[in-house]
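For reference, the structure is listed below as structure tokens.
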Amino acid sequence: MTINDDMSWLANSQLSALTRRGFIGIGSASAAGLLLASCTPGDGTGGDSTGGGNGGGTDLREAPDLTKLAEAGDIPPLAERLPNNPLVINTVERAGVYGGTWHTVTNPNDTGWMLQRVTGHTYLVRWDPDFNELIEDAAEEFSMNDDATEATFKLREGIKWSDGEPFTAADVVFAVNDIQGNSEITPNQTMQRVAEAVGDYEVVIRLNPANGLYLQQQAGPGRTLTACPKHYLEQFHKDYNDDVEDLVKQEGAQDWVELIENKGVTEAGRLSNPDLPVLSPWVLTQAAGASGTKVVFSRNPYFWKVDQDGRQLPYIDQVEFNIVGDPEVMVTAASNGEVDMSNRTFNIPRNKPVLAEHRESGDYDFIDMPPTFMNTTVVAFNQTIKDSKRRELYRNKDFRIAVSHAINRQEIIDVVFQRQGEPWQAAPRADSKFYDEEFAKQYTEHDVALAKEHLAKAGVEAGEVTATLMVSNFKPEWVDVAPLLVGHLAEIGITLKIDAVDNTLFNERITANDYDLAIWQGDGGGNDLFQDPRWYFPFNVTNSQFGPLWAEWYVTGGAQGEEPLEPGRKQIELYHEIESTGDPARQDELMKEILQISKEQFYAIGIHLPGDGYGIVKNNFHNVPKVMIDSYYWSGPGPVNPEQFFIED
């Protein structure tokens, strides 16, 4: 799933399956030394270290390979490559050494690990490491006006793209007005954004309607305001190149929109085009498709962040993603010590005992990953299903309560989740300011007799209902949960059939409203709740699985889909009020109202609040925090600055 530029932009991006396509980043060496020495250290501490990588110690100002290129005249000296005010990253353990390759693994569909989380987490603003507040990134200052209609960003002067061209307000204006604002690239234009440059390094973005969440949404995954180099992409845009059709034919694209998507407007384009300039620590050098097994990113000579000693980041030369389709093969690779650092895909509860057994031989250890998502497994009956009789049944709250009481959550936790976590509904976590114990625990008691009582209230007799549970292969544990649910529902006379499908087909069927019930993860349990309230009201076409047609109505402003029932309409009104104010206290009040309605409606059935997750880190791989948040919208390890990671043998 690609999440784009703001919350309404997220809503618009959900239409990608419904529309033609969707919009799915001192001029001498001696002066350089003076400039870098003047960088003021923050809270981090440095330290002497030797060895590792290519042997570059902490006395170096930049990677040795870049020094050679600068001395040969192939790139400018370091001072000319850095901005006037480089962003200082305080390292977790100590100053690192240059060199080495970060080996990690991913499955063929996990573009998020390659781009959003590791190599491409470079935005105008970002979340702090604790996911509490927004901090500066490519913008050194940012603000929102009181009525949430204007966001202002002051860019860090002197940042350059990876090809050496300056990053300026013109790039942000291009991303907003010519990419997001182009109806051919982005067919649905319910959210209007107009950007205006104020000089070379300040940009004002006017929002219509207002969006009080816009700033925090710039710190989430897939943001595009720092990923659209105008000087490069304008050649593929019909408004800037009268001869663009010649390029369309030359590249074998369907039209200019497909061309510009392939060149870098979509994630697929960013992973297939090494010529695309970026602002990130590493630049694509071996594209997806060039090799069936690897994607490689190499150091960006113009990266604009330094450590507390004023040394240019990143420390690591390359990031190599090995493409592995089988999760078991990933576990084997990790167990053999072939993965330097990962907190993705294979780090599920059932694999932890095996990985723990091989920690010594594989020369790695675990990091703790407390999640912000509130449920591993949410069961959603499709309340907008085409069949009118099933629609009536699935909308019956007593029916959903009956199913909830029939589920033996503790058995699922014991069998599938290594006895970690506890029974939980699709409700905010206990560490959230929106925690409501009654909401979290309602109807979680395993009580077959009580389940049958509610089934009777719903007018259902044993043996009357047969339903098909659609399960995606996106997470292996869902395939393990499904057969247990079959047995649980059989105890109250409901026949459940399993339809296991790949994730692409899963999303297609959700969008087409062609399913009975489905399983998905429960996001929106912590500080991601404002950005991702998918389970609390019909917000997301593919992920508010209790009512995709209601969600379609919301994201299209009523142009498509089906108008929600009154409680859902009220929640949508409340969310619009949240977007219309820049007052955090008022936003909290409104969100509490949305959650109260969700609690009363009981849209979907949660099963399991997860315990802490985990990642693995090789013992010679440094500056990785021992605790790191697990959240889609925080997108770790991006906010802890992977450019500071280093390898020391």
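Values below: every heavy atom of this structure, side chains too, minus hydrogens, waters and symmetry copies. Keep in mind that what you see is a predicted model, and the values were worked out from it rather than measured.
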Is any NZ, NE, NH1 or NH2 atom of the basic residue among R299 and E643 found under 4.0 Å from an Asp or Glu carboxylate oxygen of the other? no

Using the test side-chain hydrogen bond (donor to acceptor under 3.5 Å, both in side chains), find all partners of T504 that sit at least two apart in sequence or belong to another chain. none

Are more than 12 heavy atoms, taken from residues, nucleotides or ligands other than D146, located less than 6.0 Å from that residue's CG atom? no

Heavy-atom nearest pair, L215 first then M144, reads CD1-CB, 3.7 Å

Pairs touching residues 102-112 that satisfy salt bridge (charged side-chain N to carboxylate O under 4.0 Å, His left out), sequence neighbours left out: D110-R344

Between CD on residue E133 and CD on residue Q216, distance to nearest 0.5 Å: 12.5 Å

Whether R534 and D532 form a salt bridge (side-chain N of Lys/Arg under 4.0 Å from carboxylate O of Asp/Glu) is what I want to check. yes

So that I can tick it off, tell me whether D307 and R61 are bridged by a salt bridge, with the cut-off set at under 4.0 angstrom between side-chain N and carboxylate O. no

Residues passing the side chain to side chain contact (heavy atoms under 4.5 Å, CB included) test with N322, sequence neighbours excluded, are V105, K294, E320

Between the side chain of Q235 and the main-chain N/O of N241, is any donor-acceptor distance below 3.5 Å? no

Side-chain H-bond candidate by donor/acceptor type, E93 with H622, under 3.5 Å: yes

How many angstroms lie between atom CE of M341 and atom CZ of F645, to the nearest 0.5 angstrom? 5.0 Å

Does this structure show an ion pair linking R81 with E62, if we count only N-O contacts that are shorter than 4.0 Å? yes

Sort out for me which residue in N177, I205, L207, N208 forms a side-chain contact (heavy atoms from CB on, under 4.5 Å) with V194. N177

L276 to G264 - nearest heavy-atom pair and separation: CD2-CA, 3.9 Å

Side-chain heavy atoms of T101 within contact of I316, under 4.5 Å: no

Going by atom types only, do Q180 and N182 share a side-chain donor-acceptor pair under 3.5 Å? no

Once side-chain hydrogen bond (donor to acceptor under 3.5 Å, both in side chains) is applied, do any residues pair with N641, and if so which ones, sequence neighbours excluded? R126

Taking the side chain as every heavy atom from C-beta outward, state whether N527 and L529 have any pair of such atoms under 4.5 Å apart. no

I'd like to check W256 versus L247 (side-chain heavy atoms, cut-off strictly below 4.5 Å). Are they in contact? no

Between L155 and E202, is a side chain to side chain contact (heavy atoms under 4.5 Å, CB included) present by the stated rule, with each step listed? CA-CA 6 Å; L155 306 184; E202 186 172 327; over 6 Å; no

Correct closest heavy-atom pair for I159 and P83 would be N-CB, 3.6 Å

Establish, yes or no, whether a centroid distance under 6.0 Å links the rings of Y240 and F236. no

Pairing residues for Y201 by the side-chain hydrogen bond (donor to acceptor under 3.5 Å, both in side chains) criterion, not counting sequence neighbours: none

Salt-bridged, K238 to E245, with N to O below 4.0 Å? no

Is it true that Y315 and Y98 have ring centroids separated by less than 6.0 Å? yes

Checking F131 against S631 for the side chain to side chain contact (heavy atoms under 4.5 Å, CB included) test, could you report, in this order, the C-alpha distance in whole Å, the side-chain angles of both residues, the deciding distance, and whether it holds? CA-CA 9 Å; F131 202 2; S631 171; 3.6 Å; yes

Indicate the atoms forming the closest heavy-atom contact of I185 with V265, along with that distance. CG2-CG1, 4.2 Å

Using side-chain heavy atoms (C-beta onward) and a distance below 4.5 Å, is S298 in contact with V283? no

Salt-bridge contact R206-E150 (side-chain N to carboxylate O under 4.0 Å): yes

With a 4.5 Å limit on heavy-atom distance, are the side chains of N503 and N507 in contact? yes

Gap between atom CG of L66 and atom CG of D74 - 0.5 Å precision: 11.0 Å

With the side chain counted from C-beta on, respond yes when F297 and L115 share a heavy-atom pair under 4.5 Å apart, and no when they do not. yes

Do W113 and V118 come close enough that some side-chain heavy atom pair is under 4.5 Å? yes

Contacts table for residues 167-175: side-chain donor-acceptor under 3.5 angstrom, sequence neighbours left out:
from : atom 1 : to   : atom 2 : distance (Å)
T168 : OG1    : A170 : N      : 3.2
D171 : OD1    : K230 : N      : 2.9
D171 : OD2    : W161 : NE1    : 3.2
D171 : OD2    : T168 : N      : 3.0

Minimum heavy-atom separation for P639 and P129, please, with both atom names. O-CG, 4.1 Å

Evaluate the side-chain hydrogen bond (donor to acceptor under 3.5 Å, both in side chains) criterion for residues E261 and T266: first the C-alpha distance (whole Å), next the side-chain angles of each, then the deciding distance (0.1 Å), finally the verdict. CA-CA 5 Å; E261 288 176 343; T266 62; 5.8 Å; no

S635 side chain to W127 side chain, donor-acceptor N/O pair below 3.5 angstrom: no

May I ask you to decide whether K626 forms a salt bridge with D368, counting only side-chain N to carboxylate O separations under 4.0 Å? no

Would you say that F321 contacts H103 through its side chain, given a criterion of any heavy-atom pair below 4.5 Å between the two side chains? no

Minimum heavy-atom distance R94-N623, with the two atoms named: O-ND2, 3.0 Å

If only atom types and distance count, is the side chain of K160 paired as donor or acceptor with the main-chain N or O of E80 below 3.5 Å? yes

